[in-house]
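This report concerns only the one structure given below.
A quick note: this is a predicted structure, and the numbers were derived from the prediction, not measured. Chain A is the first sequence line, chain B the second, and so forth, proteins listed ahead of strands; every chain is numbered from 1.
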There are 2 protein chains.
Amino acid sequence: MNKLALSNQLCFSVYAVSRHITSLYRSILEELDITYPQYLVMLIMWEQSEVTVKQLGEQLYLDSGTLTPLLKRLEQKELIIRERSKTDERSVIVTLTELGRSKREHAKCIPENIFKALNISPEEYYSIKNQLDSILKNK
Amino acid sequence: MNKLALSNQLCFSVYAVSRHITSLYRSILEELDITYPQYLVMLIMWEQSEVTVKQLGEQLYLDSGTLTPLLKRLEQKELIIRERSKTDERSVIVTLTELGRSKREHAKCIPENIFKALNISPEEYYSIKNQLDSILKNK
DNA sequence: ATTAATTTAGTTGCGCACAATTAAATAGTG
DNA sequence: CACTATTTAATTGTGCGCAACTAAATTAAT
C-alpha cells in the first residue's frame, strides 16, 4: 500500500471531517450569530459561571493569541464580560452577561441537530469519540 | 446526560484531534519547509503529475479562495508551476518542478513517523479512519 | 451568430490557529 | 527586602478556510 496517498491517511480524514463539522455548525449557529470556536467558549461558560482565559485555554487547547481576539468579539456581541481579577491582575476573568446566559435555551437543540446531520448511529458516535479521545490522552 | 457539555461532544474531539495532528505535522514538516495543507497538495502532486486547481479542490474539499494563495506560496518555494491551460484558459494547471518531485523521497518516512506519534494500534488507526470516512460519504 | 447560462480562478474580507515576542503582576529565594 | 524566575494576557505576523463577489472563458440555446 502506498502510504503517501491521500486516500490512505487517517490524518486527512480527521482534517476533512473537522471542516465538514465546522460547516454544519456554521449554518446552525447562524441564528445565534456566533462561530463554532465562539460556541465552544459559550459551552464552557454555560457550565462554569466564572472562568479565566487560562482555564478556557486549558479546556479548549487554545492559547491567548486565539482566545483574546475571539473573546473581544464575544464581548462586542454583549454575550460575555472580560475583567482583570482583583486578587491577581495577571488573570482576566470571563463571565456571562444576562444575554449570554439566555442564549443557552436557544442552543439546547444544537447537539441533536448536529447528530442528525452527521447521519451515523449513536453506537458509531460514541465509538469514534472514544477512539479520538484516546489519541488526545496519548499526546 | 448534558449534551451541552464540551466533554460529551464528538465534534470537539474531532476538532481537537485535528489540531493536534496538524501540530504533529508542523514539527515533522519543518524540515521540508511546508505546512500541512501544502503537504496535502504535494501528496496529490506526487501521485498525479498534472492537476487543475479545480481537481485539487475536489480532492481536498477546498475552494480557490484557499488554494490560490496556497499554490502561490508553493510556487514561490519553487515546488510547483502554475499555468493556464492552452486548451481551456479558464483552468490553471499545476505541475511539479524537479525540486518538488525530489521532495517525495524526503517525505516517504512521514506517514510512519506520524503513525508512531499518534501512539495507537494499526487496528484502531483503520477503525477510526473507516468510521470518519463513512461520515464524509454521508455528507 | 448572438445572447444567455455555466464554469473556472482570482480577489476581498473576516475569523480563527499558533509561533514568537512583550509587558505586567506575582511568587520564590537568598 | 531585593531581585530573579514564573505566570498570565496581549500583540504581531503568517497561513489557512470560507463566504461573497468579480472577471474571463467556454458552452448551450435560440
- For DNA chain C, determine which residues of residues 44-57 of chain B have any heavy atom closer than 4.0 angstrom to one of its atoms, and list them numerically. B:Thr52, B:Val53, B:Lys54
- Note on the structure: Span of DNA chain D engaged by chain A, first through last nucleotide within the 4.0 Å heavy-atom cut-off, is D:dT7 to D:dA19
- Query: C:dT21 P sits how many Å from A:Asp63 CG, rounded?
  - Reply: 14 Å
- Could you tell me whether A:Gln48 atom CD has more than 12 heavy atoms of other residues or ligands within 6.0 Å of it? yes
- Side-chain donor or acceptor of A:Thr35 under 3.5 Å from a matching atom on the base of C:dG15? no
- Message: Do the side chains of A:Lys137 and A:Asp133 get close enough for a salt bridge, i.e. N-O under 4.0 angstrom?
- Response: no
- Distance in angstrom units between B:Asp33 CG and C:dA19 P, rounded: 16 Å
- Message: Is it the case that over 12 heavy atoms from other parts of the model lie below 6.0 angstrom from the CD atom of B:Glu58?
- Response: yes
- Walking DNA chain D from its 5' end, the first of B:Thr87 and A:Ser91 to be reached, judged by nearest nucleotide, is A:Ser91
- Query: What's the CG-P distance between A:Leu70 and C:dC16, to the nearest Å?
  - Reply: 4 Å
- Message: Pairing donors with acceptors under 3.5 angstrom, does anything connect the side chains of A:Gln131 and A:Ser127?
- Response: yes
- Message: Looking at A:Glu31, I want to see if its CD is surrounded by more than 12 non-hydrogen atoms of other residues, nucleotides or ligands under 6.0 Å.
- Response: no
- Task: Please figure out whether A:Gly65 or A:Ser85 has its closest DNA chain C nucleotide nearer the 5' end.
- Result: A:Gly65
- B:Leu79, B:Ile81: one ILVMFWY side-chain cluster at the under-4.5 Å cut-off? no
- Query: So A:Glu89 and A:Arg84, salt bridge (charged side-chain N to carboxylate O under 4.0 Å, His left out) or not? Walk me through it.
  - Reply: CA-CA 5 Å; A:Glu89 292 207 16; A:Arg84 293 267 161 199; over 6 Å; no
- Message: Does C:dA17 have its OP1 or OP2 closer than 4.0 Å to a side-chain nitrogen or oxygen of A:Thr66?
- Response: no
- Task: May I ask you to evaluate whether A:Arg26 reaches the phosphate of C:dG15, defined as a side-chain N or O under 4.0 Å from OP1 or OP2?
- Result: no
- B:Glu83 CD: over 12 foreign heavy atoms closer than 6.0 Å: yes
- For the pair made of CZ in B:Arg19 and P in C:dA19, what is the distance, rounded to whole Å? 11 Å
- Message: If you only use heavy atoms from C-beta on, which nucleotide in C:dC18, C:dA9, C:dA17 is closest to the side chain of B:Tyr15?
- Response: C:dA17
- Here the pair of heavy atoms bringing B:Lys77 nearest to B:Ile34 is CD-CG2, 4.1 Å
